[in-house]
Amino acid sequence: MADEPLILGIETSCDETGVGIVRGHTLLADALASSVEEHARFGGVVPEVASRAHLEAIVPTMDRALTEAGVTLADIDAIAVTSGPGLAGALLVGVAAAKGYAVAAEKPIYGVNHLAAHVAVDTLEHGPLPEPAIALLVSGGHSSLLLVDNLARGVTPLGATIDDAAGEAFDKVARLLGLPFPGGPPIDREARAGDAASIAFPRGLTAAKDLAAHRYDFSFSGLKTAVARWVEARQRAGETVPVADVAASFQEAVCDVLTSKALAACRAQGIETLVIGGGVAANSRLRAMAEQRAEKYGIRVRVPRPKLCTDNGAMVAALGSHLVAAGVAPSRLDLPADSALPLTTVSV
Amino acid sequence: MLVLVVDSSTPAVTAALVEVSADGVASRAHRCTVDARAHGELLAPQVDAVLADADARPRDLAAIVAGLGPGPFTGLRVGLVTAATMGQVLGIPTYGVCSLDAIGYPAASGAPVLAASDARRKELYWAVYDGAGQRIVGPEVSAPAVAAARARELGATIAVGDGAHRYAEVLDLPVRVEPRYPDATVLALLAAERIRAGAPSERLTPLYLRRPDAVAATGRKPVLP
Ligand SMILES: [Zn+2]
């Protein structure tokens, strides 16, 4: 194990400043600084606030990661950094930081795809990923279904949200119910005491007519509006809103669509492994439902522990480690931060 | 002492190596590219290039000087994060200098001078320097007409910097051609005392001068009519 390359990963695509260190598939450090509380009063991530926070956090977060792993930058074999997709200004701080570290420590740099990193992080928990696999990546910023045939070279997008990201729907419904931002954890908590079958909320893009054009795409905007209508109607009638039931029924609708489309993709392609990542993968109902439904078809569901599902530096280090092991050439020092980096590009 | 200088507060992305000695500051290598949209792509290769030009390695550096702005935020942060991370790896001190000083100080020659860079949104980042090149007002951000009025009150007879070129008509002051952008050797010169004294490393906090654009969430609009 000591011979395996020691890889550092830097993540700044949204509101988390992450620095992770791995050796092969072994996680050595996962340091994180979050600006989430600074965004709470705005009800969503403010790009300039996030960028300022990354600049302040990067050096101390790096110090914590190195201390946690018991290594120095001189020991590192390569530096990986999220080059996209994400918030342009936020990405740029991480990319420039990675370059500063790479130039000063005279190490190779890999600019990598954030979404591919969400897939790669699972190798830290469950070992090498069988290929091909299907990946479902759901967070506040993205909702994608991918075919992972070669994680080192490129992944194939199968579908994505056509409006809101799944995590965004959680945030908006939480706000509607008077729950804090980000909305995922409080809705998960409330839903435990609720009846998921009490309200029949719509399942976007699951009707036969929609499946023709959007077989693996998602839509959460209609669901969000349906929840708002239902809640407002109760409020206008002077009734109390059953928060737990609304949370549970909403969460059930989201998880139902996500898992049914992900498993349909596995079955259509004869694929036996489904990886779930992104902040919404920390949702307890999504995990349970995916496992329960996959079992019927002999499909194995791999979901990393919640701390690795949300954005972090370890996922970037994990992908960097995978690229180094696969013999992929490093990026050039003029690599850009690309807010719209396509999924087909795993490293730039 | 070999010192790295970086500035990304204006469209000019600058990396330079200077030798700071007891007698003065001498330029060893210099790279500057004017491109307002590619700070992140350009700066690190330029740092690499000036090291190569001077036949030096990062470990030969004794300190890093960075222009703190003011400047458009996204580009400005590139220089500061580059300086901070390199300083961390190398265990050497980092020093900040107001980027406008590296335009105004060399332009002053007996009479007050207005130094200005483009702040976008039809505004300027500006400061006024006395005849010896000491900053007496600023840095501030405001409309060119406001900067012009203040500069005149303070007796400025000349303007300098990219912002002065851009708004020469509004400022109605003769514009000195050079320096148009922060001068790397001057940035080092203005930090030279701290470098020679081995002063404690400084946290490189950008001179933002503007708050982030963000509005607190207001009441939600109902979906029912
Ligand atoms: Zn993510």
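Treat the numbers as computed from the prediction; the structure is a model and nothing was measured. A note on names: the letters A, B, ... follow the listed sequences, proteins ahead of strands, and every chain is numbered from 1.
Contact count against chain B (heavy-atom pairs under 4.5 Å) is highest for A:V59 among A:L66, A:V59, A:V103, A:L92. The greatest number of non-hydrogen atom pairs below 4.5 Å with chain B, out of A:G100, A:A104, A:P336, is found for A:A104. Of the listed residues (B:V78, B:T82, B:T85, B:L61), the one with the most heavy-atom contacts under 4.5 Å to chain A is B:T85. Counting heavy-atom pairs closer than 4.5 Å to chain A, the top residue among B:R203, B:Q88, B:M86 is B:Q88. Contact count versus chain B (heavy atoms, under 4.5 Å) is highest, among A:V93, A:L335, A:V95, for A:V93.
The main-chain N or O of B:G40 is found under 3.5 Å from a side-chain atom of A:K99 such that the two form a donor-acceptor pair.
By the neighbour-count criterion of 12 heavy atoms within 6.0 Å, atom OH of B:Y105 is sparsely surrounded, having that number or fewer from other residues, nucleotides or ligands. Shown here is B:E193, whose CD atom has no more than 12 heavy atoms of other residues, nucleotides or ligands within 6.0 Å. Within a 6.0 Å radius of CZ in A:R234, other residues, nucleotides and ligands contribute more than 12 heavy atoms. More than 12 heavy atoms of other shown residues, nucleotides or ligands fall within 6.0 angstrom of atom CZ in B:R210. More than 12 heavy atoms of other shown residues, nucleotides or ligands fall within 6.0 angstrom of atom CD in A:E239. Atom CZ of B:R194 has more than 12 heavy atoms from other residues, nucleotides or ligands within 6.0 Å.
Interface remark: A:R236 contributes side-chain atoms only to the contact with chain B (heavy atom separation under 4.5 Å). When heavy atoms are compared at a cutoff of 4.5 Å, B:R59 approaches chain A solely by way of its side chain, counted from C-beta outward. Of the two parts of B:V47, only the side chain, counted from C-beta on, holds a non-hydrogen atom closer than 4.5 Å to a non-hydrogen atom of chain A. Contacts between A:A102 and chain B at a heavy-atom distance below 4.5 Å are absent for every atom of the residue. For A:A337, no part sits under 4.5 Å from any heavy atom of chain B, backbone or side chain.
Pairing each heavy atom of A:G89 with each of B:T74, the nearest pair is CA-CG2, 4.2 Å. When every heavy atom of B:V89 is checked against every heavy atom of A:L73, the shortest pair comes out as CG2-CD1, 3.4 Å.
Atom CG of A:D334 and atom CG of B:L43 lie 12.0 Å apart (nearest 0.5 Å). Going from atom CG of B:L204 over to atom CG of A:L55 covers 8.5 Å, rounded to the nearest 0.5 Å.
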Margin query: side chain to side chain contact (heavy atoms under 4.5 Å, CB included), that's the test. Do B:R77 and A:R52 meet it? Break it down for me.
Written below: CA-CA 8 Å; B:R77 277 188 287 265; A:R52 291 185 181 193; 3.6 Å; yes
